[in-house]
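What follows is one structure encoded as structure tokens, with my remarks underneath.
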Amino acid sequence: PSLSNCLVQMYGLCASPRDAQKSFDALPFPTHISWTILIRALGLNAEVHKALEAFHSMRNQDVVAWNAMIGVYVQNGLCEDAMNLFVKMQLHGPTPSNVTFVCVLDGCSELKIGYAIHDLIIKFQYEGDITVGNALLTMYGKCHNTSDAERTFLGMKVRNVVTWSALIAQYVNNGEEADALRLFRVMLLEDVKPNNITCISVLDACTTLGEVADGRKIYAVVVECGYEKSVPVGNALVNMYGKCASLPDAKNVFHRISGRNMVTWSSLMGAYTQMIFYNEVLQLLHLMQHDGVKPDKVTFLCALDACAGLTDLKAGQITHACLVESSHEQD
RNA sequence: CGCGCAGCGAAGGCC
């Protein structure tokens, strides 16, 4: 039975909703857990209608099943449906849990609704729950209300690395990069260890501000924390140095990254573009292919841009041919 | 043992 549940889950994660359904149908006595796994497997693959069918087919849906269904709506961009289901849940469903609020907050992009949810969180006494607090401050940030995000942050009795990273990221998303860097400094002073997500956010802040000096300090933190090998962090560093016109540093970081992906390559191409080294951009396009990394749309846009900058028709035609060839190689 | 919290990396065009 638990083996079958695992099968359903595996097919769901492997983008095979049909097989997930088949494995589920083979279960003589599906439990609540089986049903929830099925709902999630279908939702992950955009089979929202089938997920809802499954939700209705099980009897006595527990709170986890309701949460899963609300989550399916949110993750498929159907936030109105998520809210409606949440309202239904309050009318004739189980008492919401902390996860319910996290799901609903995730689907909320309207400040007015956000305040209403906040009131309910107080009513159900989930204010002190750290995951709810984190989701709440993120919701305020996504609604472009960084002051309420700050208030939420300050009101939290317990904070973890997600709490700090969430507020930093919301500052960055709202164009308040200086505040993001300031908060990052406080975080270090309070001995909270950043993770790679935190580092990427503050590196992005430096990129936007063109603050290479701060960027270097963050690089030191990255090394100290042992995130030097992380590809996303490396990409953010290449990008930061590139945008700050520190090509040697960008190249240096680039060479230290093992497992470079197309974003890594495109970031370095961007660094060369910044310095108007268009020939080098075109060389990189070939080097990356030689390295077994497939260029994508963005990579080609960079390369074509370089050809235009060079006003080199021949190079443009070669790149064009490259693009056509690459698009035939799909699958 | 089923649901859930931050990031979601790189490019160009128009205003």
Side-chain angles (χ1 to χ4, degrees), chain A residues 1-3 5-6 8-9 12 30-41 43-44 51 55 58 61-72 74-75 96-107 126 129-139 141-142 149 153 156 159-173 180 194-205 207 230-240 242-243 250 260-271 273-274 281 295-306 308-309:
Chain A
S2 67
L3 201 56
N5 287 344
C6 259
V8 178
Q9 189 168 43
T31 63
H32 279 62
I33 295 180
S34 321
W35 281 104
T36 309
I37 295 176
L38 177 67
I39 290 168
R40 174 109 183 90
L44 271 178
F55 178 70
M58 67 188 289
Q61 299 97 333
D62 63 3
V63 65
V64 177
W66 282 85
N67 295 346
M69 193 58 224
I70 292 173
V72 165
V74 172
Q75 280 151 22
S97 68
N98 55 346
V99 177
T100 314
F101 284 106
V102 171
C103 290
V104 168
L105 285 167
D106 194 31
Y126 281 118
D129 185 287
I130 192 162
T131 60
V132 171
N134 292 344
L136 192 58
L137 94 74
T138 300
M139 180 277 293
K142 294 218 165 115
F153 178 92
M156 290 171 72
R159 301 181 192 113
N160 58 19
V161 63
V162 176
T163 319
W164 290 86
S165 306
L167 187 54
I168 288 171
Q170 290 313 319
Y171 279 137
V172 175
N173 288 342
N195 61 19
N196 36 16
I197 295 177
T198 328
C199 294
I200 291 168
S201 291
V202 284
L203 285 169
D204 286 345
T207 304
S230 153
V231 174
V233 171
N235 292 349
L237 278 164
V238 172
N239 194 35
M240 185 272 295
K243 288 282 166 21
R260 296 170 200 122
N261 59 23
M262 62 189 172
V263 177
T264 320
W265 286 90
S266 299
S267 300
L268 189 62
M269 288 170 82
T273 301
Q274 184 92 359
V281 172
D296 75 335
K297 223 168 71 182
V298 175
T299 323
F300 279 115
L301 273 163
C302 271
L304 290 169
D305 206 37

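All values below come from the heavy atoms of this structure, side chains included, with hydrogens, waters and symmetry mates left out. Remember, it's a predicted structure, so these values are computed and weren't measured experimentally. In what follows, every chain begins at residue 1, and chains take the letters A, B, ... in the order their sequences are listed.
- When heavy atoms are screened at a 4.0 angstrom cut-off, Ala236(A) is found touching no nucleic acid atom at all.
- Here G12(B) is in the anti range [glycosidic angle more than 90° from 0].
- Looking at every heavy atom in both residues, Ala149(A) comes nearest to Leu137(A) through CB-O, 3.5 Å.
- With sequence neighbours excluded, the residues that form a side chain to side chain contact (heavy atoms under 4.5 Å, CB included) with Ala303(A) are Met269(A), Leu282(A), Leu285(A), Thr319(A).
- Side-chain contact of Ser267(A) with Thr264(A): a donor-acceptor pair under 3.5 Å is absent, judged by distance alone.
- The six-membered or imidazole ring of Phe55(A) lies away from that of Trp35(A), with a centre-to-centre distance of 6.0 Å or more.
- Within the nucleic acid shown, Asn160(A) has no heavy atom closer than 4.0 Å to any nucleic acid atom.
- Among the atoms of the strands shown, base atoms are found under 4.0 Å from some heavy atom of Val162(A).
- Side-chain polar atoms of Asn160(A) and Thr163(A) form a donor-acceptor pair below 3.5 angstrom.
- In this structure, Asn196(A) reaches neither bases nor backbone, as no heavy-atom distance under 4.0 Å exists between it and the strands shown.
- No contact: Asp129(A) has no heavy atom under 4.0 Å from any strand.
- Here Thr36(A) pairs with nothing under the side-chain hydrogen bond (donor to acceptor under 3.5 Å, both in side chains) rule; sequence neighbours left out.
- Reading RNA chain B from its 5' end, the first and the last nucleotide to sit under 4.0 Å from a heavy atom of chain A are G2(B) to A11(B).
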